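All values derive from a computational prediction rather than experimental measurement. Each residue takes its place number in the sequence, starting with 1.
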Amino acid sequence: MAIDLLRARDYIEHFLRVQDKRGKIVPLKLNTAQEKLYGAVKRQHEEGRPVRIVVLKARQMGFSTLTEALLFWNSATRKNVNSMVLAHTDEATANIFRMTKRYYDCLPEAVKPDKLASNAQELVFDRTNGRNGGLGSRIRCATAGGKGVGRSYTLSCVHMSEFAFWPGKKMDTYTGLMQAVPDLPGTMVIMESTANGYDEFKRFWDDAVEAWERGERDGFEPLFFAWWEMEEYRRPVPDGFTPTEEERALQEAYGLDSEQLCWRRWCIKTNCGGDVRKFRQEYPASPDEAFLASGACVFDKEALVLRRERAKKTAWERGGFRFTLTEAGKPADIHWEANGAGPIRIRVQPEEGKPYVIGGDTAGTGSDRFTGQVLDNTTGEQVAVLQHQFDETMYARQMYCLGLWYNRALIGVETNYSTYPQKELERLGYPNLFHRLKEDTFTGKTVEAYGFETTATTRPLVIDILKEVAREHLELIWDDATIGEMLSFVYNERFRPEAEAGAHDDLVMALAIAHYIRPQQRTKRAERVEPVRKRLSEQYRNKSRKRR
């Protein structure tokens with residue numbers, strides 16, 4: 001059955017009543033944050049898609065209220081609609097059911113559907129005498145964690161409330177629920193939650209964000225709502241108010257005004273016991289603030305959060321290198337090809353005569369991606385990033401091409417989990433590979449070897465170098481994904497720096513290696529040197545003309 005969401009808003013704001021923060025029963029009028037969520041629901045429906053939305057939010061923004069209103073409207077005005085709400089505690093379930101029952105009790109008689117009595121926390125819209133005309137729809141509220149919850153129904157609408165705080169195996173419950181919802185237009189699933197550290201909700205959110213950024217529109221749309229999007233989160237500005245350095249950074253990053261900063265100060269002091277870390281989790285200004293790692297971040301988390309907001313606005317060209325292979329299996333006719341799904345992101349194209357370095361991390365335990373970080377060695381600034389689920393051969397070939405493209409950059413690839421990419425670069429005759437000294441286990445002599453080896457000595461060293469870069473020159477790091485990994489790079493219980501459980505650190509380690517190997521590359525621009533990039537492009541064009 002078709003759904004008219006314009007009529008839905010009229011119905012919600014004209015007929016539904018809520019209890020406001022003063023305890024009064026008032027009409028439900030959408031605030032700015034609720035309007036944003038409603039707009040996303042309406043847009044997905046108008047595109048002819050099933051509504052699927054995951055909401056990461058600050059406290060007390062009214063998303064449960066609006067989601068329940070949408071479920072209620074669907075169930076109280078349409079036939080054979082089964083709706084289910086799952087909350088994280090029995091108390092939360094009872095509160096949501098009371099809100100739903102209030103919606104019904106306050107309806108004008110002219111629009112109130114017949115209701116069967118129900119013993120559970122459930123409203124059943126049907127007629128008791130069996131006559132035709134009953135809706136045959138229902139809304140059921142339950143607590144997550146019960147066995148088989150939702151499995152006996154075919155569900156049209158589902159509200160997963162405070163998913164991050166569900167007990168037990170969250171994803172098992174989620175999977176069972178989703179099997180009950182047909183993948184059809186007219187159905188609606190909204191998951192909403194505040195953050196609860198690095199858990200299943202964090203991974204669900206990250207997956208949704210990554211898919212959405214790739215242009216995939218058949219899954220959950222991620223919507224984040226910052227505390228400053230609420231109109232009421234303001235307080236009068238006292239005489240002599242002066243923002244702190246941190247507050248000025250927030251103003252610049254998010255466009256906050258003094259009334260919002262005053263509310264933030266008050267809330268930290270009064271509602272969060274003076275704990276700014278607690279405020280960031282309960283009232284985040286960005287998704288990065290919401291998800292607090294269980295371990296202490298190796299880097300300055302607050303500085304990274306603000307840096308990432310700027311990095312997200314940075315333009316990158318995405319693509320990869322195309323080439324043919326010689327009989328010896330060596331890339332030839334190399335050229336750059338822009339591609340929105342390509343493995344390489346370029347912020348700054350190579351400049352004539354400039355020296356570059358590339359640090360590489362190969363896929364191994366705890367990681368399923370090959371990475372490369374390209375630095376301008378005159379400044380240490382990040383100019384390009386390689387990241388993909390390559391096989392080892394393709395990784396070596398892309399690194400080979402990337403190095404040539406950046407003026408025969410110095411390449412240092414980690415060799416612990418596999419030496420194949422390094423050996424392949426050697427076989428291809430790459431002209432500028434990082435070398436280290438090691439002891440020959442047979443002769444006992446010190447010899448030179450190519451590639452970067454992570455050891456109990458070198459790992460702390462490269463991480464310390466990156467810590468210093470992040471502390472003194474964070475402006476050198478531009479990649480959103482890299483900063484994201486730095487935010488989840490923490491000290492474990494043995495005080496060893498590593499990725500938080502479920503997170504990655506391959507971009508972090510590639511960047512650390514890149515900074516470590518910089519001394520083996522010159523730091524000044526070479527004069528009157530023809531860019532390798534220009535020569536490669538001309539070779540490709542000339543051969544293309546011959547083929548034509």
Q: Report yes if the side chains of I25 and V18 come closer than 4.5 Å at any heavy-atom pair, otherwise no.
A: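 Counting from C-beta outward, I25 and V18 never come under 4.5 Å.
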Q: Tell me whether R217 forms a cation-pi arrangement with W212, defined as NZ or CZ under 6.0 Å from the six-membered ring centre and within 45 degrees of its axis.
A: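 Relative to the ring axis of W212, which defines the angle, R217 lies inside both limits.
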Q: Hey, can you tell me if F204 and F163 have their rings parallel, tilted or perpendicular (30° and 60° cut-offs)?
A: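 Judged by the thresholds at 30° and 60°, the geometry between F204 and F163 is tilted.
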Q: Taking A87's backbone N and O only, do any of them form a donor-acceptor pair with T143's side chain (distance below 3.5 Å, no angle check)?
A: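 No; judged by distance alone, with no hydrogens or angles, the pair does not exist.
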Q: Quick check on K101: does its NZ atom have over 12 non-hydrogen neighbours (other residues, nucleotides or ligands) under 6.0 Å away?
A: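 No, not enclosed.
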Q: Any chance you could lay out the side chain to side chain donor-acceptor pair (under 3.5 Å) test for Q387 and R345, step after step, and finish with the verdict?
A: CA-CA 8 Å; Q387 180 186 25; R345 305 186 289 275; 3.1 Å; yes
Q: Taking Y104 for its side chain and K112 for its backbone only, find out whether a donor-acceptor pair lies under 3.5 Å.
A: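 Here the side-chain-to-backbone pair does not exist.
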Q: Heavy-atom distance under 4.5 Å between the side chains of T65 and M99, does that happen here?
A: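 Yes, at least one pair of side-chain atoms sits under 4.5 Å.
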Q: For the residue pair L511 and D361, establish whether any side-chain heavy-atom pair is separated by less than 4.5 Å.
A: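 SC-SC contact between L511 and D361 ruled out.
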Q: Assign the ring pair F495 / Y491 to parallel, tilted or perpendicular, where the plane angle (0 to 90°) is split at 30° and 60°.
A: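 Answer is parallel, since the angle falls under 30°.
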Q: Under 3.5 Å, side chain of R140 to main-chain N/O of Q121, donor-acceptor pair present?
A: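 Not confirmed, R140 side chain does not pair with Q121 backbone.
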Q: Do T362 and E392 have side-chain heavy atoms sitting under 4.5 Å apart?
A: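 Sidechains of E392 and T362: no contact.
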Q: Run the numbers on E498 and N492 for side chain to side chain donor-acceptor pair (under 3.5 Å), then give the verdict.
A: CA-CA 7 Å; E498 64 181 13; N492 66 16; 3.2 Å; yes
Q: For the residue pair R102 and R17, what are the closest heavy atoms and their distance?
A: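 Where R102 meets R17 most closely, the heavy atoms are CD-O, 3.8 Å.
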Q: Tell me, do V51 and V189 make a side-chain contact under 4.5 Å, heavy atoms counted?
A: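 No; the side chains remain at least 4.5 Å from each other.
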Q: Is any side-chain heavy atom of E122 closer than 4.5 Å to one of R138?
A: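 A side-chain contact under 4.5 Å exists here.
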Q: Would you name the heavy atoms of A470 and M486 that are closest together and state the gap between them?
A: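 Reported closest heavy-atom pair: CB-CE, 3.9 Å.
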Q: Could you walk me through whether W228 and W263 pass the ring pair (Phe, Tyr, Trp, His ring centres under 6.0 Å) test, one step at a time?
A: CA-CA 10 Å; W228 42 263; W263 179 87; over 10 Å; no
Q: Starting at CD1 of I268, measure out to NZ of K278 and round the result to the nearest 0.5 Å.
A: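 Going from the CD1 atom of I268 to the NZ atom of K278 covers 13.5 Å.
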Q: Is a donor on one side and an acceptor on the other found under 3.5 Å between the side chain of W73 and the backbone of R9?
A: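 Checked: no pair found.
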Q: In terms of relative ring orientation, are F291 and F201 parallel, tilted or perpendicular, with 30° and 60° separating the classes?
A: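 F291 vs F201 ring planes: tilted.
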Q: Could you tell me whether the side chain of E47 and the main chain of Q44 form a donor-acceptor pair under 3.5 Å?
A: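 A pair under 3.5 Å: no.
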